[in-house]
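One structure is given here, and the rest of the page talks about it.
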2 protein chains.
Amino acid sequence: MGDMIHFPQEEPDFQAALSTSMVVFGFDGVDLKILLAKSTRPPFEGALFLPSRYLKANEELLLSAKKMFNDLFGYDNPSMVEQLRAFGQVFRHPGGRVVNIAHYALVNTDDFRTEEWEHHGMHWVPVNEVPDLAFDHNDIVDYARERLKRRVRRRPVGFDLLPKEFTLGQLQNLYEKAMRKTFDKRNFRKKLFKSKLLVDLEKKSDGSGYGQHKGSQLFSFNDEAYSIMTLKGYDFVF
Amino acid sequence: MGDMIHFPQEEPDFQAALSTSMVVFGFDGVDLKILLAKSTRPPFEGALFLPSRYLKANEELLLSAKKMFNDLFGYDNPSMVEQLRAFGQVFRHPGGRVVNIAHYALVNTDDFRTEEWEHHGMHWVPVNEVPDLAFDHNDIVDYARERLKRRVRRRPVGFDLLPKEFTLGQLQNLYEKAMRKTFDKRNFRKKLFKSKLLVDLEKKSDGSGYGQHKGSQLFSFNDEAYSIMTLKGYDFVF
DNA sequence: TCAAAAGTGTTGGGGGTACACCCATGC
DNA sequence: GCATGGGTGTACCCCCAACACTTTTGA
């Protein structure tokens with residue numbers, strides 16, 4: 001009652017801990033997946049959860065998430081790590097209050113340092129097959145999927161997810177998985193071509209890329225158009 | 001390096017404090033405003049900032065924000081208090097780390113308990129005239145305005161902001177202020193009428209409501225259509 | 001030979017956008 | 001009478017949505 005107006009004078013309660021979890025969306029050419037960790041030691045052996053860490057009291061929120069991204073993937077991805085929001089309701093740690101500042105990122109699954117992390121139980125799981133996770137991490141995943149859906153609608157997203165050279169089948173497949181609906185092939189192509197986002201590489205896939213049909217046309221993104229549309233946004237209405 | 005995969009075993013650092021600030025958008029019939037507090041005592045005398053409070057270690061994030069809303073307005077508004085995100089970069093408290101979980105809310109300015117709060121320096125300021133604020137509160141306001149813009153685009157928002165009976169001029173004015181662009185009067189009306197959101201009250205304003213032109217038609221919202229569109233969303237494309 | 005994906009055009013309808021004038025009110 | 005806002009209809013054009021068949025490849 002009236003507490004808040006004393007804000008600058010009032011004393012904060014320095015007893016909470018901060019953690020950050022990351023929903024890493026990865027595309028392998030066919031499926032949209034997220035990265036999960038599995039605890040391999042007691043007392044939480046077998047528990048699945050999002051890649052997470054506790055923050056030191058002096059760590060920046062976003063920088064900490066980007067550092068975690070770099071640990072996992074070995075490179076920086078300045079644009080595609082974003083905060084989702086704070087989750088503080090469900091997780092109760094016996095030692096006290098923990099608030100989780102969740103983030104998400106988009107990658108191509110090939111970029112994951114599999115060999116370095118797999119013995120820690122890190123692995124990809126298709127977004128439609130995410131099992132029960134520890135803490136409130138299922139809520140975080142759900143929230144991230146909604147955010148991704150909205151993002152796909154307003155900005156191009158393929159650049160970080162697809163291989164450098166991709167087919168229209170892969171692109172449509174990615175959009176359908178992210179937006180959880182199907183599109184008419186002809187209308188999808190028409191819209192993409194009109195957007196000037198795609199560069200026709202004038203060669204055909206040899207079928208070696210996962211999810212690529214041999215003989216289908218290869219494309220890459222027009223960096224300039226992609227940047228502009230990332231900044232200005234657009235409407236991908238279907 | 002590899003910290004995050006020990007998450008369940010690792011020890012949290014219980015040294016951070018949590019605060020919550022609220023961007024309260026209010027409409028008075030003409031202007032879209034936000035509520036600011038002014039510190040009236042040293043050592044921060046004169047500093048302007050968002051209504052804020054520190055959280056106790058056992059308080060829920062959203063409930064705490066809703067409680068603050070109730071303190072300010074004297075009623076509960078379950079649907080229109082939402083979390084924005086966590087802000088942790090700028091504010092440095094001498095006592096340690098503080099992370100601010102910001103929220104926003106929509107109200108009609110008439111609902112504000114002015115008499116109870118004005119001697120604490122609480123007052124409305126038009127969104128276009130927000131001065132420099134303490135801490136990183138300007139960042140929070142900017143973020144909230146972007147969120148409001150997106151929300152107006154996808155869901156009806158007038159219900160919480162407008163008086164029970166309002167004119168189309170007021171409604172259009174509100175949408176223009178929130179979305180920071182102007183609309184063609186005839187097209188705006190056509191779109192709203194088509195949406196079935198409006199109920200023609202079949203009476204005209206006597207000009208006593210602030211921002212109401214005498215003689216213009218009064219409307220209210222169709223509760224049912226409003227609820228459905230709040231749940232399902234739509235596209236307000238202009 | 002069979003299944004799966006690639007590739008390709010047209011049509012109709014709905015809706016976004018642009019645009020101008022008269023009336024009512026208050027000062 | 002002058003300024004401000006209220007109220008009203010039409011025409012164009014773009015783009016979304018629906019729709020089917022042939023070809024290539026691999027199993």
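In the text below, chain A, chain B and the rest are named by the order of the sequence lines, each starting its count at 1.
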### Task
For A/Leu218 and for B/Asp206, locate the closest nucleotide of DNA chain C by heavy-atom distance; then report the residue assigned to the nucleotide nearer the 5' terminus.
A/Leu218

Take atom [atom1] of [X] and atom [atom2] of [N], then tell me their distance rounded to the nearest Å.
X        : N      : atom1 : atom2 : answer
A/Asn173 : C/dA5  : CG    : C1'   : 12 Å
B/Arg189 : D/dG5  : CZ    : C1'   : 9 Å
A/Asn187 : D/dC19 : CG    : C1'   : 9 Å
B/Lys181 : C/dA18 : NZ    : P     : 10 Å
A/Phe183 : C/dA6  : CZ    : P     : 16 Å
B/Leu192 : D/dG6  : CG    : C1'   : 15 Å
B/Gln170 : D/dT4  : CD    : P     : 19 Å
A/Phe193 : C/dA6  : CZ    : C1'   : 11 Å

### Query
B/Ser21 and B/His103: side-chain donor and acceptor closer than 3.5 Å?
no

### Query
For the side chain of A/Lys204 and the base of D/dT25, is some donor closer than 3.5 Å to an acceptor across the two?
no

Decide whether a cation-pi geometry holds between [X] and [Y]; the criteria are a distance under 6.0 Å from NZ or CZ to the six-membered ring centre and an angle within 45° of the ring axis.
X        : Y        : value
B/Lys191 : B/Phe236 : yes
B/Arg145 : B/Tyr143 : no
B/Lys33  : B/Phe25  : no

Phosphate OP1/OP2 of [N]: any [X] side-chain N/O under 4.0 Å:
X        : N      : value
B/Arg186 : D/dG7  : no
A/Lys214 : D/dG26 : yes
A/Lys191 : D/dC16 : yes

If you only use heavy atoms from C-beta on, which nucleotide in [options] is closest to the side chain of [X]?
X        : options                : value
A/Asp184 : C/dG16, D/dC19, C/dA18 : D/dC19
A/His213 : C/dA6, D/dC15, D/dG9   : C/dA6
A/Thr167 : D/dG7, C/dG16, C/dA6   : C/dA6
B/Lys190 : C/dG7, C/dT17, D/dC16  : C/dT17

### Query
Within the distance-only criterion (no hydrogens, no angle test), does the side chain of B/Asp136 pair as donor or acceptor with the backbone N or O of B/Asp139 below 3.5 angstrom?
no

### Summary
Nearest-nucleotide check on DNA chain D, A/Asp235 vs A/Lys185; residue mapping nearer the 5' end is A/Asp235

